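So the structure is just underneath, and the comments pick up after that.
Within every chain, numbering begins at 1; the chains are lettered A, B, ... in the order of the sequence lines, protein sequences first and strands thereafter. Model, not experiment: these values are computed from the prediction.
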Amino acid sequence: MPSEFSLKAIKIMKNIPGGKVVTYGQVATYAGNNRGARQIVRLLNSSWEKEQLPWHRVINSKGKISLTPGDGYELQKMLLENEGIQFDENDLIDLSRFGWNINI
DNA sequence: CAACTGACGATAG
DNA sequence: CCTATCGCCAGTT
């Protein structure tokens, strides 16, 4: 039985529109725990496949991909660019333009 | 049952 | 800008 936090987090992530991204902190806050970023990490690692979550649209608060090159970074960047998201010269995503304003 | 682990965040220096 | 710390908490070891 998943926690209420998990249910909300999953519901939110399943609603992220293409071409937009959200941060761990945002999802955690809207799911009811503004300090639950790590639980979001757990969810993405353990059940993104089962819950069909767009894991690539979840990034850290600086607008940067947290994966390391060679371990999914390239894949995630490619998936995002494929949705129209652009990266600046420092590989950062402009959250003011591509960040999704959650409203469930 | 204690210790450890995370694709993190906020804060302080 | 950078490193160092602490908080958070479910799932593993």
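Taking atom CG of residue A/Leu92 and atom C1' of nucleotide C/dC1, one finds them 13 Å apart after rounding to whole Å. When the P atom of C/dC9 is taken as reference, atom CZ of A/Arg38 falls 12 Å away, rounded to whole Å. Distance A/Asn45 CG to C/dT12 C1': 13 Å, rounded to the nearest Å. Spacing between atom CD1 of A/Ile40 and atom P of C/dC9 amounts to 12 Å, rounded to whole angstrom units. We find that NZ of A/Lys62 is positioned 11 Å from P of C/dT3, with the value rounded to whole Å.
On the nucleic acid side, DNA chain B has its first and last nucleotide under 4.0 Å of a heavy atom of chain A at B/dG6 to B/dA10, going 5' to 3'.
Not a single donor-acceptor pair under 3.5 Å links the side chain of A/Asn90 to the backbone N or O of A/Leu92. In this structure a side-chain-to-backbone donor-acceptor pair under 3.5 Å is present from A/Thr23 to A/Gln26. In this structure, the side chain of A/Asn45 engages the main chain of A/Val41 through a donor-acceptor pair within 3.5 Å.
Using a 4.5 Å cut-off on side-chain heavy atoms (C-beta onward), A/Phe98 and A/Gln86 make contact. Residues A/Val22 and A/Tyr30 form no side-chain contact, since every pair of their non-hydrogen atoms from C-beta on lies 4.5 Å or further apart.
Scanning for side-chain contact (heavy atoms from CB on, under 4.5 Å) contacts around A/Glu51 gives A/Ile10, A/Ser47, A/Leu53, with sequence neighbours left out.
When each of A/Arg42 and A/Asn34 is assigned the nucleotide of DNA chain B bearing its nearest heavy atom, the one mapping closer to the 5' terminus is A/Arg42.
Within the 4.0 angstrom heavy-atom criterion, only backbone atoms of the sugar-phosphate kind lie near A/Asn33; the bases stay farther away.
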